[in-house]
Amino acid sequence: MAYAYRQGAHERSGRPAAFGRRHAGLLAAIAALCAWEAAGRVFGVPTDLLPTPSRIVMEIWRRRTLLWSNGYLTFLAATVGLLLAGVTALLVGCAGILSAKILAMADRMTRGAAMIPAAAAAPILLVWLGFGMSSRTAVAWSFSVLFVVHGVSAALRRTPAELAEWLRATGAGAFLRIRKVYGPGLLPFLLRDLRRALPLAASGALTAEVIAADEGLGHLMVRGAAAGDVCLLFAALCLAMLFVAAAAAVIRLMEKLAFGRSLAVLPGAHASVLW
Amino acid sequence: MDLVEERESASGVRAKRSGEAPLPGAAIIADRVCCGGTDRRSGLAAAGPLSLEIRECEFAALVGPAGCGSSTLLRMIAGLVPASSGDIRVHGAAVRRPLDKIGLVFSKPLLLGWRSVLGNVLLAAELRRMDARAYGARARRLLAAVGLAEAADAQVRTLGPADRMRTALCRALLHEPALLVMDDPFAPLDALAAEDLAADIQRLWLARPLTAVLATSRIAEAVFLSDRVFVMSPAPCRILQVISIDLHRPRRLDELTAPGHAEYCARIRTLFRAHGVLS
């Protein structure tokens, strides 16, 4: 009887429990925002020190034209930089498929280059390329490219040696191997790494704008900091976060549409594409 | 020619063999072949020097403990690993590069997750630039022969380990190779699934005459499938003895415990015991 009662109770609480597990992060974020809002109102924290979430939303709405015209440029630079990082990773991947030596070399280079602080290298790119979209895109690319290239080369290195042997025994050329086997096999890893590298690309674009730019969200942040306009700082930060979240959702949707549930990439595993 | 017709024509080949008539020429000749030190990257063991001869349409098994070099020898036969000395000839031609007319099965099925079961089998034709549509019917017949007709359009992730290996086997046989090389296809399987797979391998081999070489550490499956078993020593890789398996075909799984089969297994175990492989 006690068992039946417990089972019934479990069934009754099943749906909310499952909802809670699935959306635990979202619920935690909502709770944190509510706590922030309440603390701001109860303790009367000055707006020019820490504005409440409702005030930030109002600020975004009030300055929507300014934020959008500048945010658009930041998003464009981050997106193009990220896409270029993807193309670079694809080229390195193709070269790695053709030659194991190239793959090993690319792997060593990405490890070595990872030791260079990307933010410190950003001014060099800005000096070389000057003000404008190209330099911001280059910095966004430089922030994200190592991560994406490393992800693709790691996926290639995890490919079983027997697969390469089997492909050699079929006599298939490099282009056919890439088109039929390696390309589709690497695509889930590439999309996953692009999604994960999104914050890096956005950070790159913002860093470039903070260092030297007369437009963009990073530039607005510098202006806000100089004028003590904390609301503008938070509004720009929230917009950048929203961009990263929205772009990640778009890539996630692409992954689902392209691969369904059959090719969900598991962390550190190649088994999901190769059985 | 469908599988039934192929089986009938193949039975003629087997009848000649059971009558102890001279067999056709050697399909594989390895003459004092040697492969250098253990390859750290691929994990392949050093092999040789050793010599062996596998006859046309023969089913030969290389049985030995892990690291005995049988996988290396198979790769040398397939042209995937160069022999550091000696000579290997397959169907009369020296092996200098990977042979593309052979069927290869590894201990991992290596099926592509984004393709269906049938798509994975047809990949062998697509990579060899053969007309995949023309081979579609043969792929379905092969899948039906191993009991996967219903699963042809299923995703490979839905298959069990044994069925994945069956799919890999069908993929290896799609282009009708004259030589089938299998590197321990039983490795990822439990004992029951391995026996079941061995029965399917025999059925496919009987259906169409081809030379088959199997490397495995499973004695019972090797005896069940083979015409001759090459018993191999642990490193340094040597052939301890060649045992001819004189059991009628087709062999049945319930004969695995029959006296004839058990005697051959016991002989191999005794050899291994004498060389310290078994305690």
Side-chain angles (χ1 to χ4, degrees), chain A residues 96-97 99-105 107-108 153 155-192 254-266 269-275, chain B residues 39 41-44 71 74-75 77-81 97-117 119-120 122-130 132 154-161 163-165 167-168 171-172 174-175 177 179 181 183-184 187-188:
Chain A
I97 291 162
S99 159
K101 281 181 186 168
I102 294 177
L103 183 64
M105 198 172 70
D107 197 43
R108 277 191 216 111
S153 66
L156 267 179
R157 273 187 285 110
R158 279 199 299 272
T159 308
E162 289 95 334
L163 181 67
E165 288 181 330
W166 181 71
L167 288 170
R168 280 173 65 207
T170 61
F175 178 69
L176 198 58
R177 277 184 280 160
I178 290 169
R179 193 162 64 88
K180 295 277 181 186
V181 180
Y182 287 112
L186 282 181
L187 207 56
F189 292 92
L190 180 68
L191 282 178
R192 179 199 62 180
M254 282 166 64
E255 287 176 71
K256 277 191 180 168
L257 289 175
F259 317 120
R261 293 170 69 188
S262 61
L263 283 181
V265 175
L266 304 169
H270 206 275
S272 51
V273 289
L274 201 63
W275 295 87
Chain B
D39 183 346
R41 191 173 167 273
S42 63
L44 289 177
S71 295
L74 284 192
R75 280 163 172 78
I77 290 169
L80 296 168
V81 171
R97 57 187 183 82
L99 304 175
D100 58 356
K101 297 285 189 285
I102 64 169
L104 267 176
V105 180
F106 291 100
S107 54
K108 294 170 191 157
L110 303 172
L111 303 179
L112 307 182
W114 61 92
R115 283 176 162 252
S116 65
V117 171
N120 268 286
L122 287 173
L123 182 67
E126 291 169 26
L127 289 171
R128 288 182 172 86
R129 295 187 181 279
M130 301 188 301
Q155 292 291 315
V156 286
R157 72 188 161 89
T158 61
L159 300 182
D163 285 342
R164 283 180 206 148
M165 200 51 87
T167 308
R171 186 178 62 184
L174 182 72
H175 60 293
L179 172 62
V181 174
D183 184 13
D184 208 354

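Proteins come first, then strands; the chains are lettered A, B, ... in the order of their sequence lines, and each starts at number 1.
With sequence neighbours excluded, the residues that form a salt bridge (charged side-chain N to carboxylate O under 4.0 Å, His left out) with Asp107(A) are Arg111(A), Arg157(A). In this view, Ile102(A) and Ala95(A), Ser99(A) satisfy the side-chain contact (heavy atoms from CB on, under 4.5 Å) rule, not counting sequence neighbours.
Between the Arg192(A) side chain and the Glu255(A) main chain, no donor and acceptor come within less than 3.5 Å of each other. In this structure, Arg129(B) contributes its side chain and Gly171(A) its backbone to no donor-acceptor pair below 3.5 Å.
Of the two parts of Arg164(B), only the side chain, counted from C-beta on, holds a non-hydrogen atom closer than 4.5 Å to a non-hydrogen atom of chain A. Contact of Ile102(B) with chain A is not made at all, since no heavy-atom distance falls under 4.5 Å. Using a 4.5 Å cut-off between heavy atoms, Arg97(B) makes no contact with chain A at all.
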Next on the checklist: What verdict does the side chain to side chain contact (heavy atoms under 4.5 Å, CB included) test give for Arg75(B) and Glu162(A), after you've listed the backbone C-alpha separation in whole Å, the side-chain angles of each residue and the deciding distance to 0.1 Å?
Outcome noted: CA-CA 10 Å; Arg75(B) 280 163 172 78; Glu162(A) 289 95 334; 3.6 Å; yes
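For the set Leu127(B), Leu99(B), Asp100(B), the count of heavy-atom pairs under 4.5 angstrom toward chain A peaks at Leu127(B). Chain B forms the most heavy-atom pairs under 4.5 Å with one residue out of Gly173(A), Ala169(A), Ala172(A), and that residue is Ala169(A).
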